[in-house]
Structure formats: structure tokens, C-alpha cells
Amino acid sequence: MTNSAIPSGVDSLQNDRYLRMLRGQSVDRTPLWVMRQAGRYLPEYRATRAVAGDFMSLCRNAELACEVTLQPLARYDLDAAILFSDILTIPDAMGLGLSFNAGEGPVFSKPLQSEADIDNLPILDPTAELQYVMNAVSTIRKALNGRVPLIGFSGSPWTLATYMVEGGSSKQFAKVKKLAYQSPVAMQKLMDNLSENVFVYLKAQVEAGAQALMIFDTWGGVLTPAQYQKISLDAMEKIVSRLKRDSVTANIPVTLFSKGVGEKQLVQLADLGNEAIGVDWTHALSDVRAATGDKVVLQGNLDPCVLYAQPEAIRQSVKAVLKSYGEHKATGGHIFNLGHGIHPDIPPEKVSVLVEAVKEFSSQYVC
Ligand code: CP3
């Protein structure tokens with residue numbers, strides 16, 4: 001399925017606030033979406049997941065993946081939809097044997113254990129093993145019918161590597177860091193393979209209908225500054241430069257999100273040819289804005305745990321994030337989001353408080 005298969009005109013965007021901000025155009029208020037906006041905090045998500053059976057079956061079923069993507073939009077006035085899927089679809093398609101066990105997070109039955117395992121990794125054909133993702137993208141894009149733009153995404157090569165080498169989630173990242181220190185050549189091969197795979201995967205999502213892209217570098221912050229640059233940043237730079245040189249993806253805005261990195265690393269991340277960076281809650285947007293000099297749009301960065309607070313405290317915290325970014329100029333800009341994904345035990349009403357507060361307080365800051 002390509003963009004041309006989507007009836008033109010049928011979905012000229014009704015709400016293009018998110019894309020306008022990324023393109024440096026004027027907006028009436030700060031655009032807003034919520035990381036993990038479709039997920040377990042919503043009872044209707046839990047009901048659809050029960051119908052699917054388990055999380056990966058939900059991702060593999062285009063109709064149900066579409067249903068859960070649209071659920072948060074039915075409740076809240078959000079400015080973007082994000083593909084319902086996972087970053088671990090790529091290693092799953094490579095045959096690493098992904099499963100999600102209750103309470104344990106993701107587990108790979110065949111993690112990468114040797115240099116030979118890395119040498120044998122394929123370059124995937126996204127219209128084969130990952131066709132179910134592309135079907136979800138095109139189904140969601142059609143169902144949105146131009147209501148809001150659709151964000152496609154991938155994990156960063158480094159973040160994917162952490163799961164592929166550790167065999168799942170990790171606290172110390174000892175195995176994957178051991179690989180980086182003991183076998184830098186093998187580590188580089190792994191980054192090169194994943195950079196290629198992520199590029200073709202993201203391009204295929206755009207061909208299927210994604211209108212913006214985001215790369216999640218969730219574990220960029222566990223690297224030393226030198227390794228961050230050499231391993232994670234370098235791989236993301238290769239992907240962005242391929243995306244920007246390819247006629248299919250050249251005009252698609254790209255957001256890069258490295259969680260847990262310092263301000264110097266965010267400055268580097270803002271310099272790869274991407275339109276936006278994600279900022280976690282450990283930074284003040286004012287500091288990141290001063291450091292990046294309005295070069296890119298900043299996305300973030302309300303602490304997800306603020307949503308445990310009382311409504312008035314949430315409103316004040318939203319105000320503080322908007323104020324921290326401050327008044328927009330012709331370049332740069334702010335897209336409101338959490339600093340990381342919403343927690344599964346947040347009452348859905350708290351998200352309404354957040355959304356209404358962004359709408360109420362942000363128009364004074366934009367241009
Ligand atoms: O933002 C969205 O609404 C889009 C959907 C989305 C999911 N995962 C759905 C999901 C996105 C963008 C992701 C990305 C993802 N997946 C990341 C990067 C972003 C981040 O949060 O840092 C990472 C590291 C993963 C890997 C992953 N997937 C983990 C560690 C887990 C288990 C987490 C947990 O809370 O149990 C998942 C599963 C997952 N991905 C769920 C959802 C809604 C929960 C699955 C369920 O039980 O229904």
C-alpha cells in the first residue's frame with residue numbers, strides 16, 4: 001500500500017496543528033499528544049486487548065490496532081495519533097522469539113549471544129515479515145480520515161540492541177555494554193544492520209500512510225557521552241540523513257527522543273537534520289531551548305507522575321511547562337507531551353485535566 005492508494009482529498013487534514021508546528025508555520029495553540037496515549041490506563045484498551053488475546057496479537061490485527069489507536073482520540077482533543085505497535089517488531093521479525101509475559105515485560109527466547117548471531121542478522125523486507133505493521137498504518141490512516149496526522153515510529157538502533165542482547169528489559173545493561181567495550185567491531189556491525197533496518201521500516205511506514213516519524217532512543221542515557229555519540233547518535237544520524245535524502249521521506253518531519261541524556265547530548269541530537277527532539281522531565285525546557293537556540297521544536301516534558309496529583313496541581317504543572325518553554329518565535333517551537341509514557345494506573349480523567357489545561361493556557365505563547 002502506498003500513499004497514492006489513499007484517496008486524495010478525502011483526508012486533507014482537519015487538524016494540522018502538530019504538522020504546522022513541525023514545519024515552522026503559525027498555530028493557534030501548542031499542539032499536544034501523549035506518549036503511550038493508547039494503553040492500559042484506558043479500560044476500553046484493556047477490553048480490546050482481551051479480545052485480541054495478548055499484546056502482540058493486538059499489534060498484528062490491523063482492525064484492532066486501529067481501534068485502540070483511535071480510542072484516546074475519542075476521549076481527548078489530541079493533535080496527533082500514533083501507530084499502535086511496538087519498537088520490538090523489528091527484532092521479532094528477525095526471529096529472536098519475542099514474547100510478553102505478564103508483569104515481566106518483553107522477553108526474547110533467542111537473544112544475540114555471539115558475533116556470528118550479529119553477522120547472521122537479515123535486512124528485513126518490511127512488506128514481508130512486517131507487512132502487518134504496514135497494514136495497521138494504512139488502516140489507521142484511512143480510519144482517521146484526516147482528523148489528525150498519524151505518527152509512525154521505530155526504536156533507535158541502540159535501544160533495539162539493548163533488548164536484543166540483554167534478552168529483554170534490563171537495569172544494568174551489562175551484556176550490551178560488555179559487547180560495546182569488548183567487541184566494538186561487532187557492536188558497529190549491529191548498529192549498521194539496525195540503522196539500515198530502521199530506515200527501510202520507517203520508509204515503508206511513510207509509504208503506507210505515516211505523516212510524521214519518531215525514533216525512540218529510550219536507553220540513550222545509559223551510555224557514556226563518548227559512547228552515546230559513537231554508538232547511538234551516529235546510528236540515528238545515518239537514519240535521518242537517509243530519510244532526508246529519499247524522495248519518499250524527505251518532507252516527513254522527524255522527532256528524535258533520547259531519554260536520560262544530558263544537555264550536551266540534546267544539543268547534539270538537535271543537529272542531525274531532524275525537525276524536533278523529545279525532552280524528558282529531568283530538564284527544564286527553558287535550559288534546553290537556550291542550549292539548542294530554537295534550532296528544533298522541543299517535544300515534552302511534563303513528568304508522567306504529575307498525573308498522580310490533584311487536578312489543580314496538574315493544571316499548575318502544565319502552566320509551568322508552557323512557561324518554561326516561553327513565547328514561540330518563527331523558528332523552533334513546542335509540542336506538549338509527557339517526558340515519557342503515561343503510567344498504566346493513571347485515572348483517565350487526569351488526562352482530560354492535562355488536555356484542557358494545555359488548551360486553556362497555551363494560546364498566549366504561540367505565534
Ligand atoms: O505511544 C503510543 O501510544 C504508541 C504505542 C507504543 C507502544 N510501545 C505500545 C505498548 C509505542 C510508541 C511503544 C514503544 C516502545 N516499546 C518503547 C519506546 C518508548 C518508551 O516507552 O520508552 C519501548 C522501550 C518499548 C518496549 C516495550 N513494549 C516494553 C518495555 C513493554 C512493556 C512495558 C510494560 O509497561 O509492561 C512494551 C509493551 C507495550 N507497548 C505496551 C503498550 C501499550 C503494554 C502492553 C500491554 O500489556 O498491553
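Both counts, for ligands and for their atoms, begin at 1 and track the order of listing. Source: prediction; values computed, not measured.
- With no hydrogens or angles considered, no side-chain donor-acceptor pair links Gln227 and Trp158 at under 3.5 Å.
- Geometrically, Arg49 does not engage Phe55 in a cation-pi contact, judged by NZ or CZ lying under 6.0 Å from the ring centre and within 45° of the ring axis.
- No side-chain donor-acceptor contact under 3.5 Å links Asp294 and Thr331.
- The distance from ligand 1 to the heavy atoms of Thr218 drops below 4.0 Å at these ligand atoms: 18 (C), 19 (C), 20 (C), 22 (O), 24 (C).
- Counting atoms of ligand 1 from 1 in the listed order, those under 4.0 Å from a heavy atom of Ser85 are 5 (C), 6 (C), 7 (C), 8 (N), 9 (C).
- Given atom 37 (C) of ligand 1, the protein heavy atom at minimum distance is Phe100 CE2, 3.4 Å.
- Nearest protein heavy-atom contact of atom 39 (C) of ligand 1 is Phe55 CZ, 3.5 Å.
- At least one N/O-N/O distance between Arg36 and ligand 1 falls below 3.5 Å.
- Considering only non-hydrogen protein atoms, atom 40 (N) of ligand 1 sits nearest to Asp86 OD1, 2.8 Å.
- Of the options Arg17, Arg147, Arg20, a side-chain hydrogen bond (donor to acceptor under 3.5 Å, both in side chains) to Asp79 is made by Arg17 and by none of the others.
- Considering both main-chain and side-chain atoms, Tyr163 never comes within under 3.5 Å of ligand 1 through any nitrogen or oxygen pair.
- Of the protein's non-hydrogen atoms, Arg40 NH2, 2.9 Å is the one closest to atom 34 (C) of ligand 1.
- Listed by atom number, the atoms of ligand 1 under 4.0 Å from Phe216 heavy atoms are 12 (C), 18 (C), 19 (C).
- Between Arg75 and Glu44 there is a salt bridge, with a side-chain nitrogen of the basic residue lying less than 4.0 Å from a carboxylate oxygen of the acidic one.
- Heavy atoms of Cys59 come nearer than 4.0 angstrom to ligand 1 in no pair at all.
- Ring pair Phe153/Phe216: centre-to-centre distance below 6.0 Å.
- Between the side chains of Tyr325 and Thr30, no donor-acceptor pair of N or O atoms lies under 3.5 Å.
- When hydrogens are left out, the protein atom nearest atom 23 (C) of ligand 1 is Ile87 CD1, 3.4 Å; that is the closest non-hydrogen contact.
- Using a 4.0 Å heavy-atom cutoff, Leu83 is listed among the residues neighbouring ligand 1.
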Inset, instruction - For side-chain contact (heavy atoms from CB on, under 4.5 Å), just list the numbers for Ile151 and Leu213, CA-CA rounded to whole Å, side-chain angles, deciding distance to a tenth of an Å, and then say yes or no. - result: CA-CA 5 Å; Ile151 306 169; Leu213 294 171; 6.0 Å; no

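- In terms of protein heavy atoms, atom 29 (C) of ligand 1 is closest to Pro106 CD, 3.8 Å.
- Using a 4.0 Å cut-off between charged side-chain N and carboxylate O, Asp77 and Lys359 make a salt bridge.
- Protein heavy atom in closest approach to atom 47 (O) of ligand 1: Arg49 NH1, 2.3 Å.
- Judged purely by distance below 3.5 Å, without hydrogens or angles, the side chains of Thr89 and Tyr132 never pair a donor atom with an acceptor atom.
- Residues Trp219 and Tyr163 bring a donor and an acceptor atom of their side chains to less than 3.5 Å of each other.
- Assignment of Tyr45 to the shell around ligand 1 is supported, since a heavy atom sits closer than 4.0 Å.
- In the vicinity of Ile82, heavy-atom distances shorter than 4.0 Å reach the ligand 1 atoms 1 (O), 2 (C), 3 (O), 4 (C).
- Counting the atoms of ligand 1 from 1 in the order shown, those under 4.0 Å from a heavy atom of Ala38 are 3 (O), 43 (C).
- Between the side chains of Glu67 and Thr48, a donor-acceptor pair is found at a separation under 3.5 Å.
- Residue contact check for ligand 1: Gly155 places no non-hydrogen atom closer than 4.0 Å to it.
- At a 3.5 angstrom cut-off on N or O pairs, Ser169 does not count as close to ligand 1.
- Protein heavy atom closest to atom 11 (C) of ligand 1, with residue, atom name and distance, is Phe153 CZ, 3.6 Å.
- Under a 4.0 angstrom heavy-atom cut-off, His340 registers as being in contact with ligand 1.
- Considering backbone and side-chain N/O of Trp33, none are found under 3.5 Å from N/O of ligand 1.
- Side-chain polar atoms of Ser156 and Thr159 form a donor-acceptor pair below 3.5 angstrom.
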